[in-house]
J.: 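What follows is a structure written as structure tokens; I'll ask about it next.
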Amino acid sequence: MQNAPNYIATPLPIIADVSRLVTKITDRISGDRSEFPLLVNCVALEALKLCGISANIFYGQAAWIEVMEDMSLVWAGCWGKNTHFWIATNSGEVVDLNTSVSLRKKDHHNPLHRPKYSPPLLWSREVPAFYRYVPEGIAEIELTEERDQKWFKLCLEEIRQKLPTLATTSEEDLDFPDEPILCPGRKILDDAAQNFRHYDRALLVNGIPEKPF
């Protein structure tokens with residue numbers, strides 16, 4: 001068997017800075033970024049461009065496992081008539097900066113859906129089995145709502161102001177968002193509350209349920 005082609009992973013300082021700024025800025029400006037994944041992807045795409053990284057926003061079906069209050073597992077996400085958005089870099093990394101807060105998203109069809117733990121933020125070419133992404137194409141996105149355009153403008157102004165001034169070069173000084181995140185090489189960085197440790201234990205106890213699509 002031939003070895004898989006080498007690829008250049010996004011440097012950890014860029015992952016740390018972009019994920020931290022995008023999540024914090026979009027949370028603050030929108031009030032809760034879990035309800036506005038399109039805004040998050042648009043801002044993240046612009047941040048990557050500022051770092052010299054080529055990427056695209058993809059659309060399609062996506063799902064991830066959430067852990068419920070009783071520690072049972074369910075698949076959540078967008079499939080069927082629903083569409084999800086995420087980013088793929090030119091190195092083939094999947095970037096989804098909303099998965100860790102999917103538990104905050106309201107399920108209008110099932111108000112009893114109350115997850116306790118969500119999967120980590122995702123920034124990796126290797127996608128574990130508790131995520132599922134089926135791309136249907138590259139999204140050509142235009143924010144048409146006046147509110148969304150205003151938020152996007154405010155986010156871009158702050159990203160453009162703060163991102164170029166960051167001087168993080170040492171991996172010992174990286175500043176990630178306080179949310180679990182899965183980085184290249186399946187490197188998991190947990191948050192202060194160790195939410196991923198609890199999430200991972202639930203997966204180990206229950207096993208991965210059958211895929212939703």
Side-chain angles (χ1 to χ4, degrees), residues 10 14-64 66 76-90 93-109 113 115 118-124 127 131-166 175-182 191:
T10 303
I14 291 179
I15 294 176
D17 292 340
V18 170
S19 62
R20 186 185 72 258
L21 284 175
V22 170
T23 55
K24 285 186 175 180
I25 291 171
T26 53
D27 257 338
R28 189 183 69 253
I29 289 178
S30 70
D32 183 352
R33 77 179 194 275
S34 69
E35 297 288 342
F36 304 99
L38 183 54
L39 173 69
V40 174
N41 279 286
C42 288
V43 176
L45 186 66
E46 291 296 324
L48 286 172
K49 289 180 180 178
L50 289 173
C51 296
I53 295 176
S54 299
N56 288 293
I57 298 176
F58 278 76
Y59 70 91
Q61 300 182 86
W64 45 86
E66 293 180 340
C78 299
W79 58 87
K81 295 182 179 180
N82 299 312
T83 299
H84 187 58
F85 299 96
W86 64 92
I87 287 175
T89 69
N90 58 349
E93 296 166 328
V94 176
V95 180
D96 194 335
L97 298 183
N98 261 29
T99 47
S100 66
V101 293
S102 67
L103 58 84
R104 300 191 325 217
K105 188 174 177 61
K106 298 177 182 178
D107 188 339
H108 301 286
H109 300 289
H113 179 76
S118 294
L121 297 171
L122 179 61
W123 196 312
S124 177
V127 180
Y131 305 97
R132 182 162 168 76
Y133 291 89
V134 181
E136 297 176 10
I138 296 175
E140 296 182 3
I141 295 171
E142 181 180 359
L143 298 174
T144 56
E145 296 291 332
E146 183 177 351
R147 178 205 61 188
D148 295 343
Q149 292 174 348
K150 179 181 179 182
W151 285 354
F152 185 49
K153 180 180 178 181
L154 290 172
C155 290
L156 283 189
E157 288 174 351
E158 191 166 347
I159 283 285
R160 289 169 178 166
Q161 177 187 8
K162 293 182 176 179
L163 192 58
T165 64
L166 296 173
D175 186 11
F176 285 88
D178 189 20
E179 299 175 19
I181 183 170
L182 174 60
D191 61 354

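The analysis underlying the following values was restricted to heavy atoms, covering all of them including side chains, and did not include hydrogens, waters or symmetry mates.
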J.: Go through it in stages, so that I can follow the logic: the residues are K24 and K162, the test is side chain to side chain contact (heavy atoms under 4.5 Å, CB included), and I'd like the CA-CA distance, side-chain angles, deciding distance and then a yes or no.
T.: CA-CA 12 Å; K24 285 186 175 180; K162 293 182 176 179; over 6 Å; no

J.: Counting N and O atoms only, with roles assigned by atom type, does the side chain of E46 sit under 3.5 Å from a partner on the main chain of L156, one being a donor and the other an acceptor?
T.: no

J.: In the structure I gave you, are the side-chain heavy atoms of I159 and V43 within less than 4.5 Å of one another anywhere?
T.: yes

J.: Can you see which heavy atom on I15 is nearest to which on I181, and at what distance?
T.: CG2-CD1, 4.0 Å

J.: Could you tell me which non-hydrogen atom of A62 sits nearest to which non-hydrogen atom of W79, and how far apart they are?
T.: O-CE3, 3.7 Å

J.: For the CD1 atom of I14 and the CD1 atom of I53, what is their distance to the nearest 0.5 Å?
T.: 4.0 Å

J.: So, does E93 use its side chain to make a donor-acceptor pair with the main chain of W123 at under 3.5 Å?
T.: no

J.: Going by heavy atoms in the side chains, are D148 and L39 under 4.5 Å from each other?
T.: no

J.: Using a strict cut-off of less than 4.0 Å between a Lys/Arg side-chain nitrogen and an Asp/Glu carboxylate oxygen, indicate whether K105 and E66 qualify as a salt bridge.
T.: no

J.: Would the distance check show the side chain of S124 and the main-chain N or O of L182 forming a donor-acceptor pair, the cut-off being under 3.5 Å?
T.: no

J.: Measure the CG-CZ distance between D178 and R20 for me, rounded to the nearest 0.5 Å.
T.: 12.0 Å

J.: With a 4.5 Å limit on heavy-atom distance, are the side chains of P37 and W86 in contact?
T.: no

J.: Step by step, would you call T99 with S118 a side chain to side chain contact (heavy atoms under 4.5 Å, CB included)?
T.: CA-CA 7 Å; T99 47; S118 294; over 6 Å; no

J.: For the CD atom of E35 and the OG1 atom of T26, what is their distance to the nearest 0.5 Å?
T.: 12.5 Å

J.: Atom CZ in F85, atom OG1 in T83: separation rounded to 0.5 Å?
T.: 6.0 Å

J.: Without hydrogens or angle criteria, can the side chains of S102 and W64 be said to hold a donor-acceptor pair below 3.5 Å?
T.: yes

J.: For a quick test of reading the model, state the closest non-hydrogen atom pair linking P120 to Y131 and the distance between them.
T.: O-OH, 2.7 Å

J.: I need the minimum non-hydrogen distance between L45 and A55, along with the two atoms involved.
T.: CD1-O, 3.4 Å

J.: Measure across S34 and N98 and return the closest heavy-atom pair with its distance rounded to 0.1 Å.
T.: CA-ND2, 3.8 Å

J.: Grab the two heavy atoms, one from L121 and one from P177, that are nearest each other, plus how far apart they are.
T.: CD1-CG, 3.9 Å

J.: Any chance you could measure I29, atom CD1, to D27, atom CG, to the nearest 0.5 Å?
T.: 10.5 Å

J.: Please determine, by modelled atom types, if Y133 and D96 share a side-chain donor-acceptor pair under 3.5 angstrom.
T.: yes

J.: Can we say R33 and E179 salt-bridge, meaning some charged N sits less than 4.0 Å from an Asp/Glu carboxylate O?
T.: yes

J.: Report the distance from atom CZ of R147 to atom NZ of K150, rounding to the nearest 0.5 Å.
T.: 11.5 Å

